[in-house]
Amino acid sequence: MRYLPRAVRQIRCFSHVYRVISLNELVGNQRDPIRRNFSSYFVEKYLHSAKFEGSSKPSLVFLRPFSSPVVTDSDIATPNGEKAGPLVEYERRIASGELIEGDHFQVDTIQLLQRLYDELIEKEDECQLDRYTSSEKAGRSRWLWSRLIPQSTYAPVKGLYLYGGVGTGKTMLMDLFYEQLPSNWRKKRIHFHDFMLNVHSRLQMHKGVADPLEVVAAEISDAAIVLCLDEFMVSDVADALILNRLFRHLFSKGVVLVSTSNRAPDNLYEGGLQRDLFLPFIETLKERCVVHEIGSSVDYRKMGSAEQGYYFVGSKYNQLLKQKFQELVGDEEPRPQVVEVVMGRKLEVPLGANGCAYFPFEELCDKPLGAADYFGLFKKFHTLALEGVPKFGASNRTAAYRFVTLVDVMYENKARLLCTAEASPVELFESIVTVSDARKLSPRSSSRSQKRDDLDLCVDNELGFAKDRTISRLTELNSREFLEQFEANLKKHSQAVEA
């Protein structure tokens, strides 16, 4: 009987939730909502109560569904009865020359992913992975009963948390694992930025519910039991304060997490605001996932031919950048355009044409923009020309964070980058250091020289770790191999549109 008051409250809002879920199924891929304005709201509410109640912000209704699109079939075994899975596909790609042979760190990791794949195949029914085993109506009925009577169904399989240095193949290996999962399974592969944007938007939509995190977790788990998150990095206090409760709900609903990160679990959100409230999440994560470090020191992204790219050092190349942009645009006349990002919010593009956008650096990274804006931008444009990337330090730390996010979103969307910059990728971040790096700096001979040399030194753990990933990705984005693959994908897409 102790659940009766809660059940009554949730029945009242069920019709609203049901309509929104139906709407999500109809609208399909919508613009990602922005979470930037939610931070102060969640900090204040979380510190005083476990509930998230009203907000002065308008509700955001349109969400991207968490259900995955149907991909090519991948069954338990090949037509010849041979064993299938990520390890088999990894070996096939190496044999065909699609991948270069990795080191033993990659081999150890792909073996762990194969073991997880085998466990999921064996326990498919227990994990309720098949999305078609029951009718849509039955699924919604179960969702209603789970709202009325709290249930816990932890998966009999532990997930996998992969971490290690940049360019070691974490994302490639996770994607290879994901692509081999049967297409009829409830699964989702998503970048962590994108995932949290969805979560915050759903929380805003369910702000009148007693426990909105449980409702959001129910929606996610209903669509995806196997959840693959790329680039797990916590730097936002609003994310940090809700992750433990969110994932406890997800794990209790049977979700199996597979994630990549540059940080070990114990180092997540290091030095962050109110980190003591984040620490329980680390224990939850280690309890439900096997933690595995890819200890390789090889950055495979830097093994390409980076000299073939469009990365120009010096403002003297600004005119050349504009010429290259015009060449890619072709006969179409570039003009100012507007991109719809979220409900009622728009991003102005100074110049755009033929899938290419041109921005001064200040317009993208010195304005209050975030991941949602960048995701919206690359839904419409496949190429970005960025003029005037500066060197980063304490004086433009916020712009550095935005640039890191921009490069992450570009990389996730496999977009093409043309840019002029003040220095090489490595030199751009010379003044960004972690706390441990700062302690290693040799002492100056005098306080005066120290003040002059370190005037713009930025000591920031999150940014200090993220910079290596950004440098590595900038290198790959400008490699001959990446650009050739980009051209091939663009040609294939154009042919499909014409057909």
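If you're wondering where the values come from, they're calculated on a predicted model, not measured in any experiment.
Smallest separation of non-hydrogen atoms from Glu422 and Pro390: OE1-CA, 3.5 Å. Residues Leu321 and Cys419 approach most closely at CD1-N, 3.6 Å, considering heavy atoms. Considering all non-hydrogen atoms of both residues, Pro350 and Pro360 come closest at CG-CD, 4.0 Å. The two residues Leu406 and Cys365 have their closest heavy-atom pair at CD2-SG, 4.1 Å. Across Val157 and Val256, no two heavy atoms sit closer than the pair O-CG2, 3.9 Å. The nearest pair of heavy atoms linking Ala357 to Val349 is CB-CG1, 3.8 Å.
Phe177 is not listed as a side-chain neighbour of Leu162, based on a closest heavy-atom distance of 4.5 Å or more. Annotation: side chain of Lys286 is in contact with side chain of Asp266 (closest heavy-atom distance under 4.5 Å). Under the 4.5 Å side-chain criterion, counting only non-hydrogen atoms from C-beta, Asp408 is in contact with Arg469. In this structure, Ser259 and Cys228 have side chains that are not in contact, with every pair of non-hydrogen atoms separated by 4.5 Å or more. Residues Arg416 and Leu418 are in side-chain contact: their nearest non-hydrogen atoms beyond the backbone lie under 4.5 Å apart. Taking 4.5 Å as the limit, every side-chain heavy atom of Arg402 sits out of range of all side-chain heavy atoms of Thr405. Looking only at side-chain heavy atoms (C-beta outward), Asp236 and Tyr269 stay at 4.5 Å or farther from each other. In this structure the side chain of Phe465 reaches within 4.5 angstrom of the side chain of Thr434, judged on heavy atoms.
Classification of Glu179 and Arg189 as a salt-bridged pair fails, no side-chain N sitting under 4.0 Å from a carboxylate O. A salt bridge does not link Glu287 to Lys158: none of the charged side-chain nitrogens sits closer than 4.0 Å to a carboxylate oxygen. For Asp211 and Arg245, the salt-bridge test passes: some basic side-chain N is under 4.0 Å from an acidic carboxylate O. One finds no salt bridge joining Arg345 and Glu340 here, because no Lys/Arg side-chain nitrogen approaches an Asp/Glu carboxylate oxygen to under 4.0 Å. Between Lys367 and Glu363 a salt bridge is recorded (basic side-chain N to carboxylate O distance below 4.0 Å). The existence of a salt bridge linking Glu412 and Arg473 is excluded, since no basic side-chain nitrogen approaches an acidic carboxylate oxygen closer than 4.0 Å. We find that Lys170 and Asp230 are not joined by a salt bridge, their nearest charged nitrogen and carboxylate oxygen being 4.0 Å or further apart. In this structure, Lys391 pairs ionically with Glu430, as a charged nitrogen and a carboxylate oxygen lie closer than 4.0 Å.
The number of heavy atoms from other shown groups lying within 6.0 Å of NZ (Lys414) does not exceed 12. Within 6.0 Å of atom CD in Glu348, 12 or fewer heavy atoms from other residues, nucleotides or ligands are found, so the atom counts as exposed in its surroundings. Within 6.0 Å of atom CZ in Arg248, 12 or fewer heavy atoms from other residues, nucleotides or ligands are found, so the atom counts as exposed in its surroundings.
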Criterion side chain to side chain donor-acceptor pair (under 3.5 Å) on Asn244 and Thr284, from CA distance to verdict: CA-CA 7 Å; Asn244 185 49; Thr284 299; 2.8 Å; yes
Ser201 vs Gln204, side chain to side chain donor-acceptor pair (under 3.5 Å): CA-CA, chis, key distance, verdict: CA-CA 5 Å; Ser201 183; Gln204 178 74 353; over 6 Å; no
CA sep, side-chain torsions, deciding dist, call: Leu241, Phe278, side-chain contact (heavy atoms from CB on, under 4.5 Å): CA-CA 6 Å; Leu241 294 180; Phe278 176 78; over 6 Å; no
Pair His193-Glu231, side-chain contact (heavy atoms from CB on, under 4.5 Å): steps then yes or no: CA-CA 8 Å; His193 281 313; Glu231 299 295 351; over 6 Å; no
Candidate pair Phe486 and His382, rule ring-ring contact (aromatic ring centres under 6.0 Å, His included), full reasoning: CA-CA 9 Å; Phe486 175 89; His382 55 66; 5.7 Å; yes
Candidate pair Arg397 and Tyr401, rule side-chain contact (heavy atoms from CB on, under 4.5 Å), full reasoning: CA-CA 6 Å; Arg397 179 200 307 242; Tyr401 265 107; 4.1 Å; yes
Stepwise side-chain contact (heavy atoms from CB on, under 4.5 Å) check, Phe359 with Glu387: CA-CA 6 Å; Phe359 277 87; Glu387 180 183 321; over 6 Å; no
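A donor-acceptor pair under 3.5 Å is absent between the side-chain atoms of Asp175 and the main chain of Met172, judged by distance alone. In this structure a side-chain-to-backbone donor-acceptor pair under 3.5 Å is present from Ser261 to Phe232. In terms of modelled atom types and a separation under 3.5 Å, the side chain of Ser472 and the main chain of Asp468 share no donor-acceptor contact. Side-chain atoms of Asn413 come within 3.5 Å of backbone atoms of Val409 as a donor-acceptor pair (strictly under, hydrogens ignored). When atom types are taken as modelled, the side chain of Gln106 and the backbone of Thr168 share a donor-acceptor pair closer than 3.5 angstrom. Panel note: side chain Gln337, backbone Gly352; a donor-acceptor pair is recorded below 3.5 Å. For the pair Asn262 (side chain) and Gly164 (backbone), a donor-acceptor distance under 3.5 Å is present. In this structure a side-chain-to-backbone donor-acceptor pair under 3.5 Å is missing from Arg263 to Met233. Between the side chain of Asp460 and the backbone N or O of Leu463 there is at least one donor-acceptor pair closer than 3.5 Å. Listed for the Asn198 side chain is no donor-acceptor partner under 3.5 Å among the backbone atoms of Phe195.
Ring pair Tyr163/His292: centre-to-centre distance not below 6.0 Å. Remark: aromatic rings of Phe281 and Phe247 are close, center separation under 6.0 Å.
Considering CD1 of Ile294 and CG of Leu173, their distance stands at 5.5 Å, rounded to 0.5 Å. Between atom CG of residue Leu160 and atom CG of residue Leu257 there is a gap of 9.0 Å, rounded to the nearest 0.5 Å. Of the inter-residue distances, the one linking Ile432 atom CD1 with Asn461 atom CG reads 12.0 Å to the nearest 0.5 angstrom. Atoms CZ and CG, from Phe392 and Leu428 in turn, are 6.0 Å apart once rounded to the nearest 0.5 Å. Annotation: the span from Arg115 atom CZ to Ile110 atom CD1 amounts to 12.0 Å, rounded to 0.5 Å. One distance of note links CZ of Arg275 with CD of Glu270; it measures 6.0 Å at 0.5 Å rounding.
Under the 3.5 Å distance criterion, with hydrogens and angles disregarded, no donor-acceptor pair is assigned to the side chains of Ser252 and Tyr154. Between the side chains of Asp456 and Ser431, no donor-acceptor pair is found at a separation under 3.5 Å.
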